[in-house]
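What's counted below: heavy atoms across the whole structure, side chains too, no hydrogens, waters or symmetry copies.
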2 protein chains.
Amino acid sequence: MDEAAPQKGTVTERAIEEIKAMIAEGRLEPGQRLPTERELAARLGISRSSMREAIRALTVMGVLEARHGSGIYVTALEAGDLLETFGVVADLSRGPRLVELLEVRRILESTATALAAARITADQLAAVEKHLAAMNATDDPEEILAHDLAFHREIASAAGNETMAAILDGLSSRTFRARVWRGYQEEGAFARTRREHAAIHRALAAHDPEAARAAAAAHVGEVEEWLRAQLGG
Amino acid sequence: MDEAAPQKGTVTERAIEEIKAMIAEGRLEPGQRLPTERELAARLGISRSSMREAIRALTVMGVLEARHGSGIYVTALEAGDLLETFGVVADLSRGPRLVELLEVRRILESTATALAAARITADQLAAVEKHLAAMNATDDPEEILAHDLAFHREIASAAGNETMAAILDGLSSRTFRARVWRGYQEEGAFARTRREHAAIHRALAAHDPEAARAAAAAHVGEVEEWLRAQLGG
DNA sequence: GCCAGCCGAGTGGTCCGACCACTACGCGTC
DNA sequence: GACGCGTAGTGGTCGGACCACTCGGCTGGC
């Protein structure tokens, strides 16, 4: 019938492209359920094993979601779904690449904080303050890190760009920060971090974008410079 | 013997984490060859099928590279390898998400262009000019788009941050731009785009970071505003 | 002695069929 | 009417078989 398959690349890659195209062209809507693995495989004329590999790849990328016993669904395709893999990049980057990543974070974080200063609501500001207080009230590094992350996430969210917030979240992923912090805290940078956070909060409360941008840039730049020095000598 | 497996999640997910951990902890170096699929599967006590799904997922993410008949290798783990999936995000984003993505691009592109203005060498500037000239010398939309992409990639590269360049490359991926351009060009924005590119080039040649930042921000912002208007009404 | 070509072992790529684990829905029971 | 059980159907896992390709060593001729 339709043996026009050009045979480009592996069959699994073709399957991946096929499903991506279905979504991009609107043949599959976010949240919609896909045909079963067995039918998808039959439809493309490939084995279920190959189709499963394609589905797994898209699942890991956050495009699809497989529910055991129920079916395969397209995710909401929101920023958070698709940008989760960004954390992997941060986890596997090393050396000079890590500094570059931190530079990207500095650029985005400073802009996001500036935007947040202009737009933040009272409720959002209260949430920021909650994490700031919790961060200063404990000595458990684990807990401090968690509230630190939430602190910045809340700010990024207040900037009104969920995509940017998701990227920043990935750039500040757990292992990434933990790795850098390990040696950083030992140099008494603890107090400095606390001061920087206070400065950021002050700028947000005053709705001062320029001050917020400067404070955020300095905050990230601090770590950036330290890391650069570590690599240099 | 060692039945301490906590059984969290699917076996494939565990395999993915296992391999990622091997790389993150330095047990696997960039470029190094992995054991065979069959051995990896045996080592983790899972079937080859499941292991293949894990490998496929990591391959798509740009962490691993499978060479038929030869073996599986860790990629160089350079920015380009890992951030290739970023293009998928751009391809699948729609509506408000697309505007947010463009906003992120505006922020990064303007900063990258400003950095490039300060650091660009004569050779790099010549490369930029080459694409600019080629872009203005043809009417083929396909070719224009290609040179447009190369124009910006060259600039991002001159900024000295390969990670940022890779991200911008993903944000400007083929289908992403083609999709937006389709309707954009019809409104006579062609001449305006050409003027904006000229302004960017002028700022680069003059080594004027502030002018470069403004020109790049305006260039991206132009498309951003148009897209925002499309969605609004 | 050297080089070209062949060839086989080993690798990833694909397929098949079976079974397990879980979910969802309907039917029967209370 | 609500509850609970059973069953059909789904994704998850497994094992084995075969194909397509790569690469190194071997063989043969020059």
Side-chain angles (χ1 to χ4, degrees), chain A residues 2-19 22-23 28 30-76 81, chain B residues 1-20 22-23 28 30-76 81:
Chain A
D2 48 354
E3 294 298 340
Q7 279 285 61
K8 53 178 178 183
T10 68
V11 296
T12 302
E13 283 165 1
R14 274 194 293 140
I16 292 175
E17 292 305 320
E18 190 70 28
I19 296 178
M22 280 195 233
I23 297 174
L28 284 176
Q32 186 175 338
R33 183 184 152 169
L34 277 70
T36 68
E37 294 180 344
R38 292 163 173 90
E39 179 173 344
L40 277 173
R43 199 178 291 187
L44 292 187
I46 66 178
S47 73
R48 192 186 160 205
S49 311
S50 301
M51 179 53 76
R52 270 191 63 75
E53 285 185 22
I55 293 171
R56 172 68 66 178
L58 290 169
T59 299
V60 171
M61 275 195 282
V63 176
L64 299 181
E65 178 189 353
R67 299 181 205 160
H68 191 169
S70 173
I72 307 166
Y73 301 80
V74 181
T75 66
D81 301 322
Chain B
M1 305 288 191
D2 47 352
E3 293 300 337
Q7 279 286 64
K8 54 178 175 181
T10 67
V11 295
T12 302
E13 283 165 1
R14 274 194 292 139
I16 292 176
E17 292 304 320
E18 191 68 31
I19 296 178
K20 276 199 333 196
M22 279 195 232
I23 298 174
L28 283 176
Q32 186 175 339
R33 184 186 151 165
L34 277 72
T36 69
E37 295 180 346
R38 292 163 175 88
E39 179 173 344
L40 279 173
R43 199 178 291 186
L44 293 187
I46 65 178
S47 72
R48 193 186 159 205
S49 312
S50 300
M51 179 53 75
R52 272 191 60 77
E53 286 186 21
I55 293 171
R56 171 69 65 178
L58 290 169
T59 299
V60 170
M61 275 195 284
V63 176
L64 300 181
E65 178 189 353
R67 298 180 206 161
H68 192 169
S70 173
I72 306 167
Y73 301 79
V74 182
T75 67
D81 301 323

> What's the shortest heavy-atom distance between B/Ala57 and B/Ile16, and which atoms?
Replying inline: CB-CD1, 3.9 Å

> A/Met51 CE to C/dC15 C1': how many Å, rounded?
Replying inline: 14 Å

>> Distance check needed: C/dC16 P versus B/Arg52 CZ, whole Å only.
In response: 15 Å

>> Just to verify, what does B/Arg38 make a salt bridge (charged side-chain N to carboxylate O under 4.0 Å, His left out) with, not counting sequence neighbours?
In response: none

>> Rounding to an integer number of Å, can you tell me how far B/Leu34 CG sits from C/dT11 P?
In response: 13 Å

>> Could you work out, with salt bridge (charged side-chain N to carboxylate O under 4.0 Å, His left out) as the rule, every residue matching B/Glu37, not counting sequence neighbours?
In response: B/Arg48, B/Arg52

> Partners of B/Arg33 by side-chain hydrogen bond (donor to acceptor under 3.5 Å, both in side chains), sequence neighbours excluded?
Replying inline: none

> What residues, two or more places apart in sequence or in another chain, satisfy side chain to side chain contact (heavy atoms under 4.5 Å, CB included) together with A/Ala42?
Replying inline: none

>> Could you work out, with side-chain hydrogen bond (donor to acceptor under 3.5 Å, both in side chains) as the rule, every residue matching B/Thr36, not counting sequence neighbours?
In response: none

> Rounded to whole angstroms, how far apart are CZ on A/Arg56 and C1' on D/dG11?
Replying inline: 10 Å

> For A/Ser50 and C/dG13, is the shortest distance between a side-chain N/O and OP1 or OP2 below 4.0 Å?
Replying inline: no

> Who passes side-chain hydrogen bond (donor to acceptor under 3.5 Å, both in side chains) against A/Thr10, sequence neighbours left out?
Replying inline: none

> side chain to side chain contact (heavy atoms under 4.5 Å, CB included) with A/Glu17: which residues, sequence neighbours excluded?
Replying inline: A/Lys20

>> Checking A/Glu18 now: which residues fulfil salt bridge (charged side-chain N to carboxylate O under 4.0 Å, His left out) with it, not counting sequence neighbours?
In response: none

> Rounded to the nearest Å, what distance is computed from the CZ atom of residue A/Arg14 to the C1' atom of nucleotide C/dT14?
Replying inline: 12 Å

> If we fit an axis to the first five pairs and another to the last five of the helix from C/dG1-D/dC30 to C/dC30-D/dG1, what angle do they make, to the nearest 10°?
Replying inline: 10°

> Could you state the CD-C1' distance from B/Glu37 to C/dT14, rounded to the nearest angstrom?
Replying inline: 11 Å

>> So, does B/Thr12 get its side chain near the phosphate of D/dT13, meaning an N or O under 4.0 Å from OP1 or OP2?
In response: yes

>> Within the 4.0 Å heavy-atom criterion, would you say B/Ser49 contacts the bases, only the backbone, or no part of the nucleic acid?
In response: base

>> What residues from residues 58-66 of chain A pass a heavy-atom cutoff of under 4.0 Å to DNA chain D?
In response: A/Ala66

> When rounded to the nearest 0.5 angstrom, what is the spacing between CG in B/Leu28 and CG in B/Leu34?
Replying inline: 5.0 Å

>> Within the 4.0 Å heavy-atom criterion, would you say B/Ile46 contacts the bases, only the backbone, or no part of the nucleic acid?
In response: sugar-phosphate

>> In whole Å, I'd like the distance from the CD1 atom of B/Ile72 to the P atom of C/dT11.
In response: 10 Å

>> Contact between B/Leu64 and B/Thr75 at the side-chain level, heavy atoms closer than 4.5 Å - yes or no?
In response: no

>> Show every side-chain hydrogen bond (donor to acceptor under 3.5 Å, both in side chains) that has at least one partner inside residues 55-69 of chain B, sequence neighbours left out.
In response: A/Glu53-B/Arg56

Filtered N/O pairs between nucleotides 19-26 of chain C and protein, under 3.5 Å:
from	atom 1	to	atom 2	distance (Å)
C/dA21	N3	A/His68	NE2	2.9

> What is the distance from CD of A/Glu53 to P of D/dG12, rounded to the nearest Å?
Replying inline: 14 Å

